[in-house]
2 protein chains.
Amino acid sequence: MKRDSRLSSVLHALLHMAERGEPMTSETLAACMCTNPVVVRRTMGLLRDAGLVASARGPSGGWQIVADLNAVSLRDLYDALGEPTVFAIGNRHEAPQCLVEQAVNAALDDAFADAEALLLDRLGKITLARLSADFNRRHAAHRSRA
Amino acid sequence: MKRDSRLSSVLHALLHMAERGEPMTSETLAACMCTNPVVVRRTMGLLRDAGLVASARGPSGGWQIVADLNAVSLRDLYDALGEPTVFAIGNRHEAPQCLVEQAVNAALDDAFADAEALLLDRLGKITLARLSADFNRRHAAHRSRA
DNA sequence: TTTCATGTAACTTCAAATATTACGAATTAG
DNA sequence: CTAATTCGTAATATTTGAAGTTACATGAAA
Ligand code: FES
Ligand code: FES
C-alpha cells in the first residue's frame, strides 16, 4: 500500500499557518504541500472536527488554528486523523483457528503493541509549540549561514 | 497499501515444519496457509538464502528447517525477509527543501526510529524454540479442555 | 448578486503486497 | 531412459488502501 503521510502533511500545514496568523485557503495550502485542495479540505476537516482548527467559507475565508500550540501534541493530531494504522506489517488472519497461528500471532501482537505504545507516547510528548520553536531555530541557523 | 504478512506466514510455516520433521512441499504448506505454492516458494526462498531452511527438488523433495530453533529469533526472520518497511505512516517528502517540513520530519523520524528499535529488539528476544514451546502449551491446554 | 471558498460525493489513479499462470530445471523411482 | 514430482523464476493479474480529481452544492462577504 501507499504509506499514510497525513500526519506529516497536517503538521507541515499547521506550522505554516502558525507562522502566518491569518486564514489560509485550502488552495494555498495545497500549492504549498504539492497536493490537491480537496485533499487538504478532507484532511483539515478532521482537525476541525477535533476542534484544532476552524474553517470559514467565502471571500476572506480559509483555515486557521484555534487551539493553543502548547496544548496540542502530535498524539492529538494522530487521534484527530482517526488513529490510522501504524504498522505496515501484520498477521495474515486476525482470529485464526489454528493453534500454531494463534501462538505466532500472540507473540507478534505483543511486540507490536509495545512498539505502538512507545510511539504514541513519544508523539504525546511533542507539542506544536515545540515544533514551531524547532523550526525557528533552524530558520535562524539557515539565515546566519547565508 | 496491503499489509505485509510474510513474517506471520513464515512463522506459521516454520512451526508446522518443526512439528513435522520430514520435508514439506510448497503445495502442502500453501494449502495449510491458505495461499499459493509460488508465494510459499518465493518467501521460503528468502529464508533459504539466509541459511535457515533447505529446499530439495523432485519426488520426496520439499522444505525443511536446518537451523537450530534456539538460535533463530524473529528478528533473524525479519532480516531474512529483507527488513521490510515497518510503518504504514511516513513523511510526504523524504528530503524536503522546506525548513518547516524538515523540522516536522526530524521530529517524526526520531519517534518512529525509536519505536522501530524497540520492536526489533523485542523480536530479537523471541526464538523459534520459545514459540514452539508456547504452541505446545496451548496445544496441551486445548486437549485437556476437550 | 457576484465572487470566493468550503463541504462532500463519486470516481480515478497509484503503489505495493499478494496471487496466478506458465514453463524450465533438477531429482527420484521404476 | 522415462515419467512423475517438485522447486526456481519470470511475467502478469488481482487486490487493497491512500491519494488525487472532477463536479457541484452551500454559505459568506463585498
Ligand atoms: S511547503 Fe513548506 S515552505 Fe512551502
Ligand atoms: S494452518 Fe493448518 S494448522 Fe496451521
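Below, chains carry the letters A, B, ... as their sequence lines are ordered, and counting in each starts from 1.
- If you take CE on A:M24 and CD on A:Q64, they are separated by 11.0 Å, rounding to the nearest 0.5 Å.
- Candidate nucleotides D:dA29, C:dT6, D:dT21 were compared by shortest atom distance to the side chain of A:R42, and D:dT21 ranks first.
- For A:R41 against D:dT21, no side-chain N or O and base N or O form a donor-acceptor pair under 3.5 Å.
- Closest contact between the side chain of B:S26 and the listed nucleotides D:dT5, C:dA19, D:dC7 involves D:dC7.
- Summarising the geometry, the separation between CE on A:M24 and P on C:dT6 is reported as 11 Å, rounded to the nearest angstrom.
- Residues A:T25 and A:W63 share a closest heavy-atom pair of C-CD1, 4.2 Å.
- Distance from the side chain of A:V38 is smallest for D:dT21 among the nucleotides D:dT21, D:dC7, D:dA29.
- Dashed line: the shortest gap from a side-chain N or O of A:S5 to OP1 or OP2 of D:dA19 is under 4.0 Å.
- Following rounding to the nearest Å, A:W63 (CH2) and C:dT6 (C1') show an atom-to-atom distance of 7 Å.
- The interatomic distance linking A:L47 (CG) with C:dG7 (P) rounds to 12 Å, in whole Å.
- Separating the CZ atom of B:R6 from the P atom of C:dT18 is a distance of 6 Å, rounded to the nearest angstrom.
- Within the nucleic acid shown, A:G45 has no heavy atom closer than 4.0 Å to any nucleic acid atom.
- Using a 4.5 Å heavy-atom threshold, the side chains of B:I65 and B:L47 count as separate.
- OP1 or OP2 of C:dA19 sits under 4.0 Å from a side-chain N or O of B:T35.
- Following rounding to the nearest Å, B:L46 (CG) and C:dT18 (P) show an atom-to-atom distance of 12 Å.
- Nearest nucleotide to the A:V39 side chain, out of D:dA28, D:dG20, D:dC7: D:dG20.
- In terms of phosphate contacts, B:S55 brings a side-chain nitrogen or oxygen within less than 4.0 Å of OP1 or OP2 of D:dG8.
- Distance A:M33 CE to D:dG20 C1': 13 Å, rounded to the nearest Å.
- Nearest nucleotide to the B:K2 side chain, out of D:dT16, C:dT8, C:dT6: D:dT16.
- Interatomic distance, CG of A:L119 versus CZ of A:F87, reported as 7.0 Å (0.5 Å rounding).
- Side-chain nitrogen and oxygen atoms of A:R3 include none within less than 4.0 Å of the OP1 or OP2 phosphate oxygen of C:dA17.
- With B:S9 contributing its side chain and B:S5 its backbone, the two residues share a donor-acceptor pair below 3.5 Å.
- Taking a 6.0 Å sphere around CD of A:E19, one finds it holds more than 12 heavy atoms contributed by other residues, nucleotides or ligands.
- When distances are taken from the side chain of A:T25 to each of D:dA19, D:dG20, C:dT6, the shortest belongs to C:dT6.
- Rounded to an integer number of Å, the gap from CD1 of A:I89 to C1' of C:dA16 is 14 Å.
- The base of C:dT6 lies close enough to the side chain of A:R57 for a donor and an acceptor atom to sit less than 3.5 Å apart.
- A:L29 places its CG atom 8 Å from the P atom of C:dT6, with the value rounded to the nearest Å.
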